[in-house]
Every structure is written in structure tokens, then in C-alpha cells.
Amino acid sequence: MRARATIEEMKGDRECIIITEIPYQVNKRRLLERIAELVQEKKITGISEIRDESDRQGMRIVAELRKGEISNVVLNQLYKHTDLQATFGVIMLRW
């Protein structure tokens with residue numbers, strides 16, 4: 001399963017990745033900590049700021065990208081190195 005993410009334009013010729021849904025059984029706090037670790041370790045270089053804008057209406061995680069970064073490349077790095085893309089086993093029985 002993959003998280004639901006969209007890419008939005010910001011002022012100043014910058015983009016941001018908006019995550020509105022995460023996979024089943026993924027902890028949001030641990031996910032944010034993992035992304036912050038990857039940015040500090042420089043495994044993901046395109047993110048300048050990440051923040052949690054969740055409220056009662058729903059979940060919203062915003063990752064602001066640096067100027068000139070390609071948003072799809074950064075999103076694919078997030079899928080690869082974090083739990084934004086997760087697999088789990090399902091047993092489907094047919095009676």
C-alpha cells in the first residue's frame with residue numbers, strides 16, 4: 001500500500017508534497033521522525049522543512065522542497081526509504 005500524496009505549487013517557484021493518507025498500521029509520529037532523520041543524514045536532500053498540519057478534519061503532512069528540486073524524485077525517495085509504501089500479508093479465503 002502507498003500513501004496518498006499530492007504535489008502543490010508554492011510562491012517563489014517552490015513546490016511542496018502534501019500527504020493526506022498513510023498506509024494501514026503506520027504510526028504518523030514515527031514516520032515524521034524517520035523523515036527528519038533521513039534529511040539530517042542527507043539521504044533525502046530535497047526537503048527543506050516538514051511539518052504536521054493535522055487537525056480534526058483529517059491528516060495533512062507538508063514537506064516543503066528546496067527551490068529547483070524535482071518533486072517526483074523526492075517523493076520516490078520518500079516511498080523508498082520510509083513507511084509511506086508498506087506491504088503486509090493478507091489471507092483471502094474463498095468458501
To check you understand the geometry: which heavy-atom pair defines the closest contact between Met1 and Pro23, and what is its length? O-CG, 3.9 Å
Report the distance from atom CG of Leu84 to atom CZ of Arg4, rounding to the nearest 0.5 Å. 13.5 Å
Between Leu65 and Ile17, is there a side-chain heavy-atom distance shorter than 4.5 Å? yes
Suppose the criterion is side chain to side chain donor-acceptor pair (under 3.5 Å): which pairs have a residue in residues 44-54, not counting sequence neighbours? Arg14-Ser48, Lys28-Asp52, Lys28-Ser54, Arg51-Glu53, Arg51-Glu64, Asp52-Ser54, Glu53-Arg60
Taking all heavy atoms of Val26 and all of Leu31, pick out the closest pair and write down the distance. CG1-CB, 4.5 Å
Can you measure from OG1 (Thr82) to CD (Gln77) and round to the nearest 0.5 angstrom? 10.5 Å
Output the distance between atom CG (Leu38) and atom CD1 (Ile44), rounded to the nearest 0.5 Å. 4.5 Å
With clusters built from Ile, Leu, Val, Met, Phe, Trp and Tyr whose side-chain heavy atoms come within less than 4.5 Å, directly or transitively, what are the remaining members of the cluster of Val73, listed by chain and number? Ile70
Main chain of Ala3, side chain of Tyr79: is a donor-acceptor contact present, judged purely on distance under 3.5 Å? yes
Does Leu93 share a hydrophobic cluster with Val90, counting links as ILVMFWY side-chain heavy atoms below 4.5 Å and allowing steps through other members? no
Step through the shown structure and confirm whether more than 12 heavy atoms of other residues, nucleotides or ligands are within 6.0 Å of CD1 on Ile91. no
Going by an N to O cut-off under 4.0 Å, is there a salt bridge joining Glu33 and Arg30? no
Roughly how far apart are Leu75 CG and Gln85 CD, rounded to 0.5 Å? 10.0 Å
Option among Glu9, Glu15, Glu8 that satisfies the side chain to side chain donor-acceptor pair (under 3.5 Å) test with Ser71: Glu15
To the nearest 0.5 Å, what is the distance between CD (Glu41) and NE2 (His81)? 10.0 Å
Going by heavy atoms in the side chains, are Asn72 and Ile7 under 4.5 Å from each other? yes
Gap separating the CD1 atom of Ile22 from the CG atom of Asp83, nearest 0.5 angstrom: 9.0 Å
Going by heavy atoms in the side chains, are Ile50 and Leu32 under 4.5 Å from each other? yes
Within the structure provided, determine whether Ile47 and Val74 are in side-chain contact (heavy-atom separation under 4.5 Å). yes
